[in-house]
Every structure is written in structure tokens, then in C-alpha cells.
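The structure appears right after this line, and notes come after that.
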Amino acid sequence: AMEKSYVPLFLLLIVISCALAKDAGKKDTKDTTAKPKLPQTLSRGWGDQLIWTQTYEEALFRSKHSQKPLMIIHHLEDCPHSQALKKVFAEHKDIQKLAEKFILLNLVYETTDKNLAPDGQYVPRVLFIDPSLTVRADITGRYSNRLYAYEPSDISLLYSNMQKALKLLKTEL
């Protein structure tokens with residue numbers, strides 16, 4: 001019961017930080033207030049035709065109830081590495097197709113869940129969570145100092161890690 005009291009405050013903080021981020025961007029001001037749930041705004045360019053969740057809590061809930069794994073991408077709009085990865089991710093047809101089998105979330109802010117930063121809060125980083133709500137820290141990229149980082153040249157590794165996340169699901173549940 002203790003944790004529950006934090007949720008409304010946490011959600012409020014997200015709303016405040018998103019509002020600040022939007023104001024700082026100074027673009028697209030007319031429609032954002034009226035229709036915040038347009039998928040292309042939630043995708044932030046990672047795949048406009050995919051269904052993206054809005055918050056970490058919603059993503060966990062959907063993963064658990066749909067029995068689909070969750071893929072979380074931490075990134076920043078002004079980070080060139082994030083931008084480069086986003087471009088190859090969005091243009092990779094096989095990844096975009098495979099992504100439909102996941103609950104998807106991309107975040108431009110850190111969550112309070114320390115499990116989402118097993119080796120630090122760097123961007124871009126990609127983590128998988130299974131429907132039992134376990135962070136799959138065992139699905140890693142190729143860099144020993146940043147286990148969940150991917151460069152554009154690692155896109156095929158990210159693709160095979162997505163396949164791995166789906167396979168683990170079948171064997172374990």
C-alpha cells in the first residue's frame with residue numbers, strides 16, 4: 001500500500017516535465033494540448049504507424065495483461081546518437097514489423113525504477129521486460145561499458161535481441 005501513494009505524484013511530475021519539454025521545443029504548439037494521444041506524437045519518430053504507450057505504468061499494465069514483452073527505448077531529442085539510432089530503427093522494415101509483437105514505450109526522461117538503469121542512465125539504451133514484469137538484463141548489446149546501448153551499425157543485433165525477447169517468452173511462460 002505504501003508504494004501506491006507515490007503514483008499520483010509521480011504521474012504529475014511526468015506531466016509537468018512533458019509540458020516543460022514541449023514548451024522548450026516551441027514547435028507544434030497548436031494541436032498538442034487538444035490531442036495529446038495521437039500515435040505519431042507518442043512515437044517521437046521511432047515508428048509512426050506503431051502503437052506506443054504513454055507512460056511506464058501503462059506499458060507495464062499492458063504487457064502483463066496482453067502477455068506481450070515490453071520494449072523500452074530511452075533517448076533524448078537533442079542527442080545525436082539517439083537521433084542516429086532512431087533513423088535506422090524507423091527505416092528498418094523487419095524491425096518495424098517485429099515491433100508490432102511488443103508493447104512499446106520510448107522515453108525522453110528517466111523513470112524512478114532503478115531496474116531500468118542496470119548499468120547507468122545513458123541514452124540511447126534499449127531494455128526488454130517480460131510480462132511477469134521482469135527486466136531482462138540478460139538481453140544486451142555489444143558494449144561492455146554500456147550494456148544496453150546500440151549504435152546504428154548494431155541494428156541487426158537489436159533485431160535479433162527483439163527476436164530473442166519473443167523466444168524467451170515462449171519457452172518460459
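Just so it is clear, the model here is predicted, and its values are computed rather than measured.
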Is it true that D119 and Y148 share a donor-acceptor pair across their side chains at a distance under 3.5 Å?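 Per modelled atom types, Y148 and D119 side chains form no pair under 3.5 Å.
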
With no hydrogens and no angle check, just 3.5 Å: does a side-chain donor-acceptor pair link D130 and S132?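 Yes, S132 and D130 have a side-chain donor paired with an acceptor closer than 3.5 Å.
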
If you compare all heavy atoms of [X] against all heavy atoms of [Y], which two are closest, and at what distance to 0.1 Å?
| X | Y | value |
| --- | --- | --- |
| A90 | G45 | CB-O, 3.4 Å |
| T53 | A59 | OG1-CB, 3.4 Å |
| E91 | K87 | OE2-NZ, 2.8 Å |
| L50 | A99 | CD1-CB, 3.7 Å |

Between atom [atom1] of [X] and atom [atom2] of [Y], what is the distance when rounded to the nearest 0.5 Å?
| X | Y | atom1 | atom2 | value |
| --- | --- | --- | --- | --- |
| Q49 | Q96 | CD | CD | 5.0 Å |
| T134 | I129 | OG1 | CD1 | 9.0 Å |
| L157 | M162 | CG | CE | 12.0 Å |
| L166 | M71 | CG | CE | 9.5 Å |
| S66 | K101 | OG | NZ | 13.5 Å |
| L158 | K164 | CG | NZ | 11.5 Å |

Name all residues meeting the salt bridge (charged side-chain N to carboxylate O under 4.0 Å, His left out) criterion together with K114; count only those two or more places apart in sequence or in a different chain, and write none if there are none.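 Partners of K114 by the salt bridge (charged side-chain N to carboxylate O under 4.0 Å, His left out) criterion come out as none, since no residue qualifies.
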
Would you indicate whether the side-chain heavy atoms of [Y] and [X] approach each other to under 4.5 Å?
| X | Y | answer |
| --- | --- | --- |
| H81 | V123 | no |
| K68 | F102 | no |
| L70 | L60 | yes |
| R44 | V108 | yes |
| S43 | W52 | yes |
| E77 | Q83 | yes |
| I95 | V88 | no |
| I73 | L105 | no |

Using the rule that two of Ile, Leu, Val, Met, Phe, Trp, Tyr join whenever any of their side-chain heavy atoms come within less than 4.5 Å, decide whether [X] and [Y] are in one cluster.
| X | Y | answer |
| --- | --- | --- |
| I72 | L133 | yes |
| L127 | L76 | no |
| V135 | Y109 | yes |

Charged N to carboxylate O under 4.0 angstrom, K93 versus E100?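 Here K93 does not pair with E100 in a salt bridge, since their nearest N and O are not under 4.0 Å apart.
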
Donor-acceptor check, side chain of R125 to backbone of Y122, threshold 3.5 angstrom: yes or no?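 Present.
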
Backbone N/O of L147 and side chain of T140: donor-acceptor pair under 3.5 Å: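 Such a contact is absent between T140 side chain and L147 backbone.
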
Could you go step by step and tell me if D113 and Y56 meet the side-chain hydrogen bond (donor to acceptor under 3.5 Å, both in side chains) rule? CA-CA 9 Å; D113 188 344; Y56 181 45; 2.6 Å; yes

Salt bridge (charged side-chain N to carboxylate O under 4.0 Å, His left out) contacts in which one or both residues fall within residues 148-158, not counting sequence neighbours: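 Those involving residues 148-158 are R142-D154.
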
Would L107 and T111 count as a side-chain contact (heavy atoms from CB on, under 4.5 Å) if you check the C-alpha gap in whole Å, the side-chain angles of each, and the deciding distance to 0.1 Å? CA-CA 8 Å; L107 294 176; T111 68; 3.4 Å; yes

F61 atom CZ, neighbour heavy-atom count above 12 within 6.0 Å: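 For F61, atom CZ is not crowded (no more than 12 foreign heavy atoms under 6.0 Å).
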
Would you mind telling me which of H74, H92, H75 makes a ring-ring contact (aromatic ring centres under 6.0 Å, His included) with W46?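 Testing W46 for a ring-ring contact (aromatic ring centres under 6.0 Å, His included) against H74, H92, H75 leaves exactly one candidate, H75.
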
Once side chain to side chain donor-acceptor pair (under 3.5 Å) is applied, do any residues pair with Y150, and if so which ones, sequence neighbours excluded?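 Testing Y150 for side chain to side chain donor-acceptor pair (under 3.5 Å), a comparison that skips the adjacent residues, returns N161.
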
